[in-house]
Structure formats: C-alpha cells, structure tokens
Amino acid sequence: MWNWLRLVKDSVSEKTIGLMRMQFWKKTVDDIYCDSPPHQPVAIELWKAVKRHNLTKRWLMKIIDEREKNLDDKAYRNIQELENYAENTQSCLLYLTLEILGIKDLHADHAASHIGKAQGIVTCLRATPYHGSRRRVFLPMDICMLHGVSQEDFLRKSQDKNVRDVVYDMASQAHLHLKHARSFHKSVPVKAFPAFLQTVALEDYLKKIQQVDFDIFHPSLQQKNTLLPLSLYIQSWRKRY
C-alpha cells in the first residue's frame, strides 16, 4: 500500500484525482478493520497482515492523511514541517514493521521515530536532482532563506557555497537523528534491529554527500553502492543498526 500511496502524487496531474484515490484508501482501511476488504489484491494482502499481526489502524490512517496533505506541489516551509511529514509516513511505517516483528517497546519506538525523520530528510535530498529536472524544489524554505538561496539556484544546479550550506544543514539534521536513534541501541530489543537496517543506506548516502563537499548534484551520488548488501549483512550479523 505504501508504494501505491507514494506513486499517487507522481502519477496524477490533477489534485482532485489524487484526493479521490486517497479517499479510496481511507475507505479501504476502514473496510479492512470491519473484516470486509474490497476485492483488490493489495487490500486483501493488507487485510491478511492486519489480521495476522494485529496492526494498529492509526498508523495506516496517518500515512494516508499525510500523503493526502502532501499532494500540493509546495516546498516545505521549514525543517520541522519536513520532519512532521517524515514522522507521519516513514516513522509510522516503521511502527507497523515493529508490530509485524511482534515488538512493543518504547525505546524501539523512539529509535523508529528518529530513523523515520532521518529517512525523510535524506529522501528529500536524494530526490532534489529529479525534482529539479521537473522544475520543482521541495527543500525547506527556512533553511534556504537563512543562506540566501532561491529555488532557481537549485533549478540551475548551482554549486555555490551557500547552496552547499543548505545541503549541509539538512544532512547534519539527518545525521543527528541517526545519532539519537543509535543512542537507544542498548535498550532496543535485538529483534527490532532488522526493521532499522535502513540506517546503513542512510549513513552511506550521508558519507558520500560529505565526500563531495555537499554538492547535491554530483554524479557519484546517483551511482549505486555495490558493497551496500555486504554492509547490510555485516550490520545484521553484528546485531547493530
């Protein structure tokens, strides 16, 4: 369902159509929790997961509500708005993953919250070149204004220091969330670690962007890290995230 919701914004040209699709998913979730899912493959599988793992309806509805609010092609007003979006989408997805793993733990929830926010910030950064190619910029306006950067600077792929300073501030915030998440490492049940292995990919991107001096348009940032699966295996074996 998450991928379907994520693609709605990119696949529809009119907000009205997007809203109709979101309303479909809201009704679908309501029907699922009434044990009457529609005859739609994704809905049926979601119903099975809800029944099997007793998934919390609130997390699913938050994801849909937040995606619905985000149908407007507008830049985030500030970093907090971006973090709220990430909390209500990426973090909620992690809460559901923890439930699937049978984990109910406050420390794991705190870690999931910070990892979700880091994921949201990194996703915003990584998508900037793609969005720029479509004449869109979603980076937080408060950070751009702080450094005297306009949306046009990103659209023309400027490599000026003030543009890189915007990227640095955002990357630093994502790194801080990862640091906070890992501060709970000793308190989080080991069974929760598989849900948090995405931190490996997040840290990989943050290291790469630091190596290119926060040039968000550097070609190396678009290249896949062939060693990433090995890093994931090592972290999994070490029982770390």
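Since this is a predicted model, take the numbers as computed values, not measurements.
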Ignoring hydrogens and geometry beyond distance, is a side-chain donor-acceptor pair present between R164 and Y168 at under 3.5 Å?
no
L60 with L71, same ILVMFWY side-chain cluster at under 4.5 Å:
yes
Calculate, to the nearest 0.5 Å, the distance between atoms OG1 and OH belonging to T123 and Y205 respectively.
9.5 Å
Distance-minimising heavy-atom pair for F184 and H107:
CD2-ND1, 3.9 Å
Does one hydrophobic cluster hold both V200 and L178, with members joined at side-chain heavy-atom distances below 4.5 Å?
no
Side-chain heavy atoms of L19 within contact of E68, under 4.5 Å:
yes
In the single-linkage hydrophobic clustering (I, L, V, M, F, W, Y; side-chain heavy atoms under 4.5 Å), do M61 and I100 co-cluster?
yes
Does a side chain donor of either D31 or W47 reach within less than 3.5 Å of an acceptor in the other side chain?
no
Please walk me through it: do Q80 and D142 pass side-chain contact (heavy atoms from CB on, under 4.5 Å)?
CA-CA 10 Å; Q80 289 76 25; D142 64 335; 4.3 Å; yes
Looking at every non-hydrogen atom in both residues, tell me the closest pair between A111 and V188 and how far apart they are.
CB-CG2, 4.3 Å
Give a yes or no on this: more than 12 heavy atoms of other residues, nucleotides or ligands lie within 6.0 Å of atom CZ of R182.
yes
Is I79 close to L82 at the side-chain level, that is, under 4.5 Å between some pair of heavy atoms?
yes
Separation of C144 SG from D153 CG (nearest 0.5 Å)
8.5 Å
Distance from L96 atom CG to E99 atom CD, nearest 0.5 Å?
5.5 Å
So with a 6.0 Å cut-off around CD of Q23, is the heavy-atom count from everything else above 12?
yes
Minimal heavy-atom distance between A86 and G116, with the atoms involved, is CB-O, 3.5 Å
Would you check if the side chain of H218 reaches a backbone N or O of S220 as a donor-acceptor pair within less than 3.5 Å?
yes
Rounded to the nearest 0.5 Å, what separation is found between the CD1 atom of I121 and the CG atom of L139?
11.5 Å
Between R135 and E152, is a salt bridge (charged side-chain N to carboxylate O under 4.0 Å, His left out) present by the stated rule, with each step listed?
CA-CA 9 Å; R135 304 292 298 175; E152 187 62 34; 3.7 Å; yes
Of all heavy-atom pairs between I32 and A43, which one has the smallest distance, and what is that distance?
CD1-O, 3.6 Å
Atom of A118, atom of A174 and distance for their closest heavy-atom approach
CB-O, 3.6 Å
Between F24 and M22, is there a shared hydrophobic cluster once you connect ILVMFWY residues whose side-chain heavy atoms come closer than 4.5 Å?
yes
Over 60° means perpendicular and under 30° means parallel, so tell me whether H177 and H114 are parallel, tilted or perpendicular.
tilted
Going through the checks in order, is the side-chain contact (heavy atoms from CB on, under 4.5 Å) test met by Q90 and K117?
CA-CA 7 Å; Q90 301 287 355; K117 289 173 182 175; over 6 Å; no
Side chains of V42 and W25: does their closest heavy-atom pair fall under 4.5 Å?
yes
Would you say S158's side chain and F154's backbone share a donor-acceptor pair under 3.5 angstrom?
no
Spacing of Q159 atom CD and D215 atom CG [to the nearest 0.5 Å]:
4.5 Å
Using every non-hydrogen atom in the two residues, find where A195 and L101 come nearest and quote the distance to one decimal.
CB-CD1, 3.8 Å
With no hydrogens and no angle check, do the side chains of H147 and D169 hold a donor and an acceptor under 3.5 Å apart?
yes
Is the NZ atom of K57 crowded by more than 12 outside heavy atoms at less than 6.0 Å?
yes
Among V166, D165, I143, whose side chain to side chain contact (heavy atoms under 4.5 Å, CB included) with V149 holds?
V166
For the side chain of K208 and the backbone of Q223, is there at least one donor-acceptor N/O pair under 3.5 Å apart?
yes
Using modelled atom types and a 3.5 Å cut-off, is there a donor and acceptor pairing between side-chain atoms of N225 and backbone atoms of L227?
yes
Side-chain touch N88/D65, heavy atoms, less than 4.5 angstrom:
no
What is the ring orientation for Y241 with F196, classed by angle as parallel under 30°, tilted 30 to 60°, or perpendicular over 60°?
perpendicular
Residues pairing under side chain to side chain donor-acceptor pair (under 3.5 Å) where one sits in residues 184-196, two or more places apart or in two chains, turn out to be none
Would the number of heavy atoms belonging to other residues, nucleotides or ligands and lying under 6.0 Å from CG of N54 be above 12?
no
Between R136 and F138, is there a side-chain heavy-atom distance shorter than 4.5 Å?
yes
At what distance, to the nearest 0.5 angstrom, does NZ of K207 lie from NE2 of H175?
9.5 Å
S183 side chain vs H180 backbone, donor-acceptor pair below 3.5 Å
yes
Take D204 and L228 through the side-chain contact (heavy atoms from CB on, under 4.5 Å) test and state the conclusion after the steps.
CA-CA 8 Å; D204 176 69; L228 192 57; 4.3 Å; yes
When you compare the side chains of Q40 and T28, does any donor N or O come within less than 3.5 Å of an acceptor on the partner?
no
Would you say M141 and N78 make side-chain contact, with heavy atoms under 4.5 Å?
no
Would you find more than 12 non-hydrogen atoms of other residues, nucleotides or ligands less than 6.0 Å from R156 atom CZ?
yes
Output yes when K179 and E203 qualify as a salt bridge under the 4.0 Å nitrogen-oxygen rule, no when they do not.
no
Q235 side chain to S231 side chain, donor-acceptor N/O pair below 3.5 angstrom
no
Stepwise side-chain contact (heavy atoms from CB on, under 4.5 Å) test for D105 and L98
CA-CA 9 Å; D105 180 84; L98 290 174; over 6 Å; no
Is any side-chain heavy atom of C124 closer than 4.5 Å to a side-chain heavy atom of Y76?
yes
Would you mind reporting whether Y95 and D109 have side-chain heavy atoms less than 4.5 Å apart?
yes
Look at the side-chain heavy atoms of Ile, Leu, Val, Met, Phe, Trp and Tyr, link any pair under 4.5 Å apart, and say whether V163 and L155 land in one connected group.
yes
